[in-house]
Structures are given as structure tokens and as C-alpha cells.
Amino acid sequence: MKNKQKARFEAQENRRTVPPVVRWEYLIERKASEPMTEIALQSLGRDGWELCANVGQWIFKRPLMDRTPNTTIHAHATEGSV
């Protein structure tokens with residue numbers, strides 16, 4: 001019985017794949033002392049950006065994929081910011 005379980009476990013382990021490495025792209029938006037509006041942050045979020053650091057500047061990241069940037073959303077985010 002234990003040999004069957006061990007064989008099943010080893011078969012499951014052999015089928016597992018290594019997850020792909022995630023490459024990130026980063027966006028440094030502005031000094032953190034300058035506030036960002038909720039609309040600007042929502043626009044960045046819709047385009048896949050997430051806040052990853054606030055160390056004197058707003059730093060966002062998103063997974064790097066084969067895609068064309070949505071410049072209208074980002075332009076809206078910077079225009080709607082205060």
C-alpha cells in the first residue's frame with residue numbers, strides 16, 4: 001500500500017512544472033509629497049499598474065508582457081492628478 005502511495009506521489013511530482021519567471025516593468029510617477037487623486041490611481045490600476053513602493057516617489061509595477069501600452073489611460077492619470 002505504501003509503495004502505491006509513494007509511486008502516485010512521485011508521479012504527481014514529476015508532472016509539476018516550474019512556474020515562469022515574472023519580469024516586471026516599473027513606473028516612477030512623481031514625488032510622493034505631491035498627492036494623486038483617486039481617479040488617477042484607478043486609471044493606473046485599470047492599466048495593470050500596482051503600487052509597489054512609496055519612498056519619496058510613487059513607484060508602480062506591472063508584469064512585463066507582450067502588449068502595447070495604453071497611453072490614453074496613463075495620459076488621463078497624469079492629467080487628472082493634482
Side-chain angles (χ1 to χ4, degrees):
M1 180 90 159
K2 288 192 177 192
N3 287 336
K4 272 188 167 181
Q5 289 175 341
K6 184 177 178 182
R8 190 177 321 146
F9 176 76
E10 288 174 353
Q12 288 174 345
E13 286 296 311
N14 290 336
R15 284 193 302 259
R16 291 184 189 212
T17 60
V18 176
V21 174
V22 177
R23 293 179 19 193
W24 298 96
E25 62 179 321
Y26 294 89
L27 171 70
I28 299 173
E29 186 57 36
R30 65 184 67 191
K31 293 180 180 177
S33 60
E34 298 176 26
M36 292 187 72
T37 65
E38 183 179 346
I39 293 170
L41 292 170
Q42 293 291 347
S43 295
L44 288 168
R46 276 193 300 275
D47 201 24
W49 295 102
E50 60 184 71
L51 181 64
C52 68
N54 182 352
V55 287
Q57 293 182 324
W58 296 95
I59 302 174
F60 296 88
K61 70 176 183 178
R62 70 178 174 187
L64 185 60
M65 297 182 205
D66 293 332
R67 63 175 162 195
T68 57
N70 190 343
T71 55
T72 56
I73 291 176
H74 181 65
H76 176 67
T78 53
E79 290 172 8
S81 306
V82 175

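This is a predicted model, so every value here is computed, not measured.
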Quick one: CG on L41 to CD on E29, what's the gap to the nearest 0.5 Å?
-> 9.0 Å

Rounded distance [0.5 Å steps], CG in L27 versus CD in Q57 = 10.5 Å

V55 and W58: same hydrophobic cluster, using ILVMFWY side-chain contacts below 4.5 Å?
-> no

Could you grab the distance from atom CE of M36 to atom CG of N54, nearest 0.5 Å is fine?
-> 10.5 Å

When you look at CG of L51, are more than 12 heavy atoms from neighbouring residues, nucleotides or ligands closer to it than 6.0 Å?
-> yes

Return yes when atom CD of E38 has more than 12 non-hydrogen atoms of other residues, nucleotides or ligands closer than 6.0 Å, and no otherwise.
-> no

Could I get the full list of side-chain contact (heavy atoms from CB on, under 4.5 Å) partners for V21, not counting sequence neighbours?
-> none

E25 bridged to R62 by N-O distance under 4.0 Å | yes

For the hydrophobic clusters of this structure (ILVMFWY residues joined by side-chain heavy atoms under 4.5 Å, transitively), does one cluster hold both Y26 and F60?
-> no

Mind listing the closest non-hydrogen atom pair of K61 and W24 along with its distance?
-> CD-CE3, 3.7 Å

In Å, rounded to the nearest 0.5 Å, how long is the span from CH2 of W49 to CG of L44?
-> 8.5 Å

